[in-house]
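Read the structure below first, then the notes.
Reckoned from all heavy atoms, side chains included, excluding hydrogens, waters and symmetry mates. Numbers here are sequence positions counted from 1.
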Amino acid sequence: MDESPPDGEHTPELFRNVDGETLRRQVLEIISDVLADSDPQKAWAREQLLDLLGTHMDDPEQALLHHLISTRNVPDSSDEDSSEDSSGPAPRPQRERGCY
């Protein structure tokens, strides 16, 4: 006999009315915004997200999740010193093991 709780039992009330279609639409909008960003300092992020989308072709939610996890500790270029002596693009973050 299955002892797992019924679907939604541990889901906060706020999220119970969000269907998968709404979530997917929001995820695709976020992905579109990231890919549309033309900032050269963020080219690595676009490349990484494209790689993850290729790896998770039928699951953009997983691709975005792995992208967000791997970039969460990378400082935003607007937070860094924007002096003229800045050398080159922002460093690429290490990819986490098990993302693929």
Side-chain angles (χ1 to χ4, degrees):
M1 183 188 289
D2 186 8
E3 299 279 331
S4 61
D7 285 344
E9 183 173 312
H10 298 293
T11 305
E13 185 65 33
L14 175 66
F15 299 113
R16 285 196 182 140
N17 295 327
V18 176
D19 62 23
E21 190 173 312
T22 301
L23 179 61
R24 176 149 298 192
R25 184 173 40 251
Q26 291 172 343
V27 164
L28 293 175
E29 287 175 11
I30 293 168
I31 289 171
S32 177
D33 288 347
V34 171
L35 296 178
D37 188 346
S38 61
D39 183 348
Q41 297 258 335
K42 297 179 182 170
W44 63 267
R46 292 188 298 275
E47 291 171 16
Q48 179 196 50
L49 183 53
L50 284 171
D51 288 346
L52 289 166
L53 287 167
T55 302
H56 301 283
M57 289 170 34
D58 295 327
D59 196 353
E61 295 87 354
Q62 280 298 312
L64 181 60
L65 174 63
H66 290 299
H67 175 73
L68 293 172
I69 289 169
S70 66
T71 60
R72 69 180 165 210
N73 293 323
V74 176
D76 185 8
S77 61
S78 64
D79 294 341
E80 297 175 355
D81 181 20
S82 58
S83 64
E84 292 296 318
D85 61 22
S86 171
S87 60
R92 297 178 80 139
Q94 295 280 333
R95 289 194 177 152
E96 292 190 7
R97 298 176 95 180
C99 286
Y100 299 95

message: So, taking the atom named CD in Glu29 and the one named CG in Leu64, what distance separates them when rounded to the nearest 0.5 Å?
response: 12.0 Å
From NE2 (His56) to CG (Leu65), nearest 0.5 Å: 8.5 Å
Val34 side chain reached by His67 side chain, heavy atoms, under 4.5 Å: yes
- prompt: Can Thr55 and His66 be said to form a side-chain contact (heavy atoms from CB on, under 4.5 Å), step by step?
  reply: CA-CA 11 Å; Thr55 302; His66 290 299; over 6 Å; no
task: List the atom of Gln48, the atom of Ser70, and the distance in Å for their closest heavy-atom pair.
output: NE2-OG, 2.7 Å
field: Rounded distance (nearest 0.5 Å) linking atom CG of Leu53 with atom CD1 of Ile31
entry: 4.5 Å
- request: Show your working on side-chain contact (heavy atoms from CB on, under 4.5 Å) between Arg25 and Thr22 and close with a plain yes or no.
  value: CA-CA 5 Å; Arg25 184 173 40 251; Thr22 301; 3.7 Å; yes
- line: When every non-hydrogen atom of Pro40 is compared with those of Arg46, the smallest separation belongs to CA-NH2, 4.4 Å
Donor-acceptor pair, side chain of Ser32 and main chain of Leu28, under 3.5 angstrom: no
- request: Please report the closest heavy-atom contact between Asp39 and Asp37, naming both atoms and the distance.
  value: N-OD1, 2.9 Å
- prompt: Just how far is it from atom NZ of Lys42 to atom CG of Leu49, taken to the nearest 0.5 Å?
  reply: 13.5 Å
- request: Please name the pair of heavy atoms, one in Gln62 and one in Asp59, separated by the smallest distance, quoted to 0.1 Å.
  value: CG-OD2, 2.9 Å
